[in-house]
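Quick notes on the structure that follows.
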Amino acid sequence: MQPLFVYNTLSRQKELFKPVHEGRVGMYVCGPTVYGDGHLGHARPAITFDVLYRYLMHIGYKVRYVRNITDVGHLEHDADEGEDKIAKKARLEQLEPMEVAQYYTNRYHAAMDKLNVLRPSIEPLASGHIIEQIELVKKIIEKGYAYVSNGSVYFNLRKYQDDFKAYGRLSGRVIDEMLSTTRDLDGQGEKQETMDFALWKKASPEHIMRWPSPWSDGFPGWHTECTAMGTKYLGETFDIHGGGMDLMFPHHESEIAQQTSVTGHGPCRYWMHNNMITINGKKMGKSLGNFITLDEFFSGSHLDGDGKEMLEQAYSPMTIRFFILQAHYRSTVDFSNEALQAAQKGYERLMQAYHTLGKLRPSKVSSVDVKGYREKCYEAMNDDINTPVVISHLFDAAKLINTVNDHHATFTQSDIDELKSLFDSFVFEIMGLRDEASGDNSALIDGLMQMILDIRATAKSNKDWATSDKIRDALGSLGVTVKDGKDGASWEV
RNA sequence: GGUCGUUUGGCCGAGGGGCUAGGCACAGGUCUGCAAAACCUGCUACUCCGGUUCAAAUCCGGAAGCGACCUCCA
């Protein structure tokens with residue numbers, strides 16, 4: 001088993017990963033709120049934890065990966081009055097709330113499939129676990145860490161903090177100070193302290209998403225679903241909880257509080273957070289209105305607020321995936337056309353090298369050392385999933401492949417096999433890249449292309465440039481590039 | 001205002017006391033009827049100011065820029 005080190009937000013350092021149950025991993029990642037199309041920012045946690053999921057399986061773990069769908073809706077920050085995102089969208093579009101949720105869930109799945117993000121083991125819906133959330137709230141009340149106020153239930157943060165002193169540990173916040181400075185208990189509405197957060201919220205008459213509960217017809221607070229569903233499917237203590245950095249506070253902090261108030265400890269051993277994607281240096285997000293949806297990337301059309309086209313071209317799903325993997329998950333990545341185009345070129349270079357590898361003829365002796373790449377790639381992955389370094393090693397391997405192809409070095413068959421296996425493992429299986437160029441009827445196309453290139457070779461040997469150029473141009477207009485080399489012509493789409 | 005993080009070459013982006021990151025772009029060369037690809041060569045950077053050290057982009061202190069989260073609000 002590879003020694004995997006991951007950065008634990010809780011301890012602020014890299015720790016050797018050791019699962020609760022040997023050989024098995026329970027992983028929970030905060031999924032999307034389905035009230036709008038997924039954008040580039042959604043792709044980051046999905047891809048980051050997809051690679052972690054793939055890697056854990058690759059090194060031999062049996063993984064249960066839970067990623068929720070929030071279809072109950074968090075309240076809109078700037079909503080008029082206590083209306084949640086999904087309910088608002090539904091009202092505006094004259095739809096059932098669940099119709100909205102289903103529509104965007106389908107769209108999310110389609111986009112993730114294109115990005116080659118594996119479906120999690122369990123993808124629970126918040127709306128399907130209202131009972132579990134009510135049970136959770138009951139337990140918190142029983143333990144004395146919540147109070148009922150006018151049909152709503154709030155978490156008693158001060159009592160929790162007095163007993164556990166844990167709130168703020170994850171996000172590095174000093175909550176005690178904040179608590180002691182917010183003293184005016186009057187005029188705060190239903191809450192005893194402004195810091196208290198809702199576990200159950202009574203629905204206003206116009207609020208259309210609602211469920212019965214012991215306290216009121218209403219809906220669960222926005223941190224309860226992850227606690228309830230995480231516990232249900234992964235147990236009271238599981239291994240990894242992931243999500244975007246923006247969820248660290250208050251969402252994950254509150255999850256810890258809820259879970260700790262019931263069991264005396266937090267939900268998991270390792271907290272992992274991916275950083276944000278920025279656009280012109282600013283976080284890409286729904287609330288800022290500066291996001292570009294994934295479908296827009298795939299189609300190459302996005303108009304910004306001023307009606308200006310932001311995308312110079314379409315970017316394929318694998319270009320997006322490669323772009324994200326070329327940065328470490330804990331760094332911010334800034335969107336730009338130039339960076340995306342560089343990613344596309346790099347991705348294509350890697351894929352070309354893989355194709356070239358399949359065509360190489362082995363020599364009796366090897367003039368290079370192919371060993372070591374695999375070990376270096378494992379080393380990088382074990383060092384907190386350092387995909388950019390993995391990629392750099394793979395580029396080194398790609399260069400070597402091209403060198404051999406140009407007859408400046410030689411491979412034995414075992415060298416070729418080793419490199420093929422290296423690419424299969426790290427490029428395709430672990431990093432989840434897909435070869436977009438290779439189609440299904442590739443055998444037929446290969447045959448046709450070979451024939452066409454033979455004709456062209458004949459024309460060329462007769463110095464019939466008109467014919468050879470015509471073939472090349474015609475193929476070019478179909479998107480097929482002809483590349484003349486020393487050993488004859490090859491082609492690519 | 002608070003907390004945390006970040007600042008690397010034309011661009012993206014790793015690393016993190018002495019040793020080449022890698023990719024993209026660009027320039028020259030090899031190959032080629034031309035072009036493209038590939039290969040070779042070049043471009044060699046760490047915000048600023050102090051300090052520690054034989055040695056700092058890397059550690060310490062300070063400044064500035066940028067960002068995230070928070071403070072209002074569920």
Side-chain angles (χ1 to χ4, degrees), chain A residues 9 12 74-79 81-82 84 152 154-155 168 170-175 177-178 181-182 188-191 194-201 219-223 244-254 273 275-276 278 280-283 285 322-323 325-328 330-350 352-353 356 376 380 383 386-409 460-461 463-465 468-469 472-473 476 481-487 489-492:
Chain A
T9 308
R12 302 193 173 265
H74 296 182
L75 282 189
E76 198 86 69
H77 285 312
D78 50 353
E81 269 306 313
D84 79 35
S152 293
Y154 292 96
F155 191 83
L170 179 71
S171 55
R173 254 153 251 272
V174 186
I175 301 299
E177 279 177 16
M178 296 165 88
T181 51
T182 40
Q188 300 277 4
E190 302 168 341
K191 293 197 276 184
T194 50
M195 296 287 300
D196 293 348
F197 56 88
L199 298 172
W200 184 265
K201 190 80 177 167
F219 50 96
W222 64 300
H223 313 301
M245 261 182 186
D246 53 344
L247 296 177
M248 222 155 77
F249 188 94
H251 183 55
H252 291 159
E253 204 73 77
S254 302
H273 292 96
N275 215 317
M276 303 290 102
T278 59
N280 297 322
K282 291 259 193 308
K283 175 187 167 183
F322 191 81
F323 172 67
L325 292 177
Q326 253 193 316
H328 188 257
R330 285 192 287 113
S331 305
T332 56
V333 192
D334 197 54
F335 156 84
S336 72
N337 279 286
E338 208 181 350
L340 249 350
Q341 281 157 16
Q344 181 182 331
K345 287 285 194 67
Y347 161 73
E348 285 167 357
R349 181 177 162 83
L350 220 47
Q352 273 176 41
T356 303
K376 283 182 192 166
D383 184 15
N386 199 330
T387 52
V389 168
V390 172
I391 289 171
S392 79
H393 295 319
L394 291 167
F395 274 124
D396 288 343
K399 174 165 268 186
L400 197 54
I401 290 166
N402 288 328
T403 305
V404 171
N405 191 42
D406 277 13
H407 309 303
H408 299 308
K460 281 181 70 171
S461 67
K463 302 214 182 274
D464 180 3
W465 310 128
S468 70
D469 285 356
R472 187 177 64 193
D473 293 346
T481 309
V482 174
K483 299 185 290 188
D484 285 343
K486 272 182 236 172
D487 310 321
S490 60
W491 62 280
E492 69 172 86

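By convention in this document, chain letters (A, B, ...) are assigned in the order of the sequence lines, proteins followed by strands, and residues within each chain are numbered from 1.
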Subject >> A:K191 (side chain) donor-acceptor with A:D196 (main chain) under 3.5 angstrom >> reply: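 Side chain of A:K191 to backbone of A:D196: a pair is present.
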In whole Å, what is the span from the [atom1] atom of [X] to the [atom2] atom of [N]?
{"X": "A:K191", "N": "B:rA74", "atom1": "NZ", "atom2": "P", "value": "5 Å"}
{"X": "A:L170", "N": "B:rU3", "atom1": "CG", "atom2": "P", "value": "18 Å"}
{"X": "A:H328", "N": "B:rG13", "atom1": "NE2", "atom2": "C1'", "value": "12 Å"}
{"X": "A:F323", "N": "B:rC24", "atom1": "CZ", "atom2": "C1'", "value": "12 Å"}
{"X": "A:F395", "N": "B:rC39", "atom1": "CZ", "atom2": "C1'", "value": "16 Å"}
{"X": "A:D334", "N": "B:rG23", "atom1": "CG", "atom2": "P", "value": "22 Å"}
{"X": "A:R330", "N": "B:rG67", "atom1": "CZ", "atom2": "P", "value": "22 Å"}
{"X": "A:E338", "N": "B:rC11", "atom1": "CD", "atom2": "P", "value": "8 Å"}

Original post:
Do you know which of A:T332, A:T278, A:N275, A:D246 makes side chain to side chain donor-acceptor pair (under 3.5 Å) with A:K283?
Top reply: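 With A:K283 as partner, side chain to side chain donor-acceptor pair (under 3.5 Å) holds for just one option, A:D246.
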**OP:** Evaluate the side chain to side chain contact (heavy atoms under 4.5 Å, CB included) criterion for residues A:M276 and A:M245: first the C-alpha distance (whole Å), next the side-chain angles of each, then the deciding distance (0.1 Å), finally the verdict.
**Re:** CA-CA 7 Å; A:M276 303 290 102; A:M245 261 182 186; 4.1 Å; yes
Subject >> Side-chain donor/acceptor of A:D484 to base of B:rC34, under 3.5 Å >> reply: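 Such a pair is found, so the answer is yes.
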**OP:** Kindly say whether, by distance alone, the side chain of A:D469 makes a donor-acceptor pair under 3.5 Å with the base of B:rG33?
**Re:**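 It does, because a donor-acceptor pair links the side chain of A:D469 to the base of B:rG33 below 3.5 Å.
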Rounding to the closest angstrom, what is the interatomic distance between [N] and [M] at atom [atom1]?
{"N": "B:rA64", "M": "B:rC49", "atom1": "C1'", "result": "10 Å"}
{"N": "B:rG5", "M": "B:rG9", "atom1": "P", "result": "23 Å"}
{"N": "B:rC12", "M": "B:rU7", "atom1": "P", "result": "13 Å"}
{"N": "B:rC59", "M": "B:rG42", "atom1": "C1'", "result": "34 Å"}
{"N": "B:rU20", "M": "B:rG28", "atom1": "P", "result": "28 Å"}
{"N": "B:rA35", "M": "B:rC46", "atom1": "C1'", "result": "39 Å"}
{"N": "B:rG16", "M": "B:rC70", "atom1": "P", "result": "31 Å"}
{"N": "B:rC26", "M": "B:rC66", "atom1": "C1'", "result": "28 Å"}

Of the options [options], whose atoms approach the side-chain atoms of [X] most closely?
{"X": "A:K282", "options": "B:rA68, B:rG22, B:rC4", "value": "B:rA68"}
{"X": "A:D246", "options": "B:rC69, B:rA37, B:rA21", "value": "B:rC69"}
{"X": "A:F249", "options": "B:rG23, B:rC70, B:rA38", "value": "B:rC70"}
{"X": "A:K201", "options": "B:rA14, B:rA74, B:rC69", "value": "B:rA74"}
{"X": "A:D406", "options": "B:rA74, B:rC39, B:rG23", "value": "B:rC39"}

**OP:** Find the distance between CG (A:L325) and CG (A:N386) and round it off to the nearest 0.5 Å.
**Re:**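 Answer rounded to 0.5 Å: 11.0 Å.
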**OP:** Determine, answering yes or no, if A:W465 is stacked on B:rG33 under the 5.5 Å centre rule and the 30° plane rule.
**Re:**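 Aromatic stack with B:rG33 present for A:W465.
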Would you say the side chains of [X] and [Y] form a donor-acceptor pair under 3.5 Å?
{"X": "A:T403", "Y": "A:H408", "answer": "no"}
{"X": "A:E348", "Y": "A:Q344", "answer": "yes"}
{"X": "A:N405", "Y": "A:T356", "answer": "no"}
{"X": "A:H273", "Y": "A:H252", "answer": "yes"}

Respond yes when some side-chain nitrogen or oxygen of [X] is under 4.0 Å from OP1 or OP2 of [N], and no when none is.
{"X": "A:N402", "N": "B:rC39", "result": "yes"}
{"X": "A:S171", "N": "B:rC70", "result": "no"}
{"X": "A:K399", "N": "B:rC40", "result": "yes"}
{"X": "A:K283", "N": "B:rC69", "result": "yes"}
{"X": "A:K463", "N": "B:rG33", "result": "no"}
{"X": "A:R349", "N": "B:rA38", "result": "yes"}

Could you identify the nucleotide paired to [N], looking across every strand shown and requiring Watson-Crick or G-U wobble geometry with both distances under 3.5 Å?
{"N": "B:rA68", "answer": "B:rU3"}
{"N": "B:rA63", "answer": "B:rU47"}
{"N": "B:rG42", "answer": "B:rC26"}
{"N": "B:rA14", "answer": "none"}
{"N": "B:rU52", "answer": "none"}
{"N": "B:rG33", "answer": "none"}

Original post:
Where each residue is assigned the nucleotide of RNA chain B containing its nearest heavy atom, which of A:N275 and A:L400 is assigned the position nearer the 5′ end?
Top reply: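 Here A:N275 is the residue nearer the 5' end.
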Subject >> Nearest-nucleotide 5' precedence on RNA chain B, A:R472 against A:G221 >> reply: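 The residue closer to the strand's 5' end, by nearest nucleotide, is A:R472.
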Original post:
Using the ring of each side chain (for Trp, its six-membered ring), is A:W222 parallel, tilted or perpendicular to A:H251, with breaks at 30° and 60°?
Top reply: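 The arrangement is parallel - the two ring planes meet at less than 30°.
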Looking at every strand, decide which applies to [X] at a 4.0 Å heavy-atom threshold: base, sugar-phosphate, or nothing.
{"X": "A:S468", "result": "base"}
{"X": "A:F197", "result": "nothing"}
{"X": "A:V333", "result": "sugar-phosphate"}

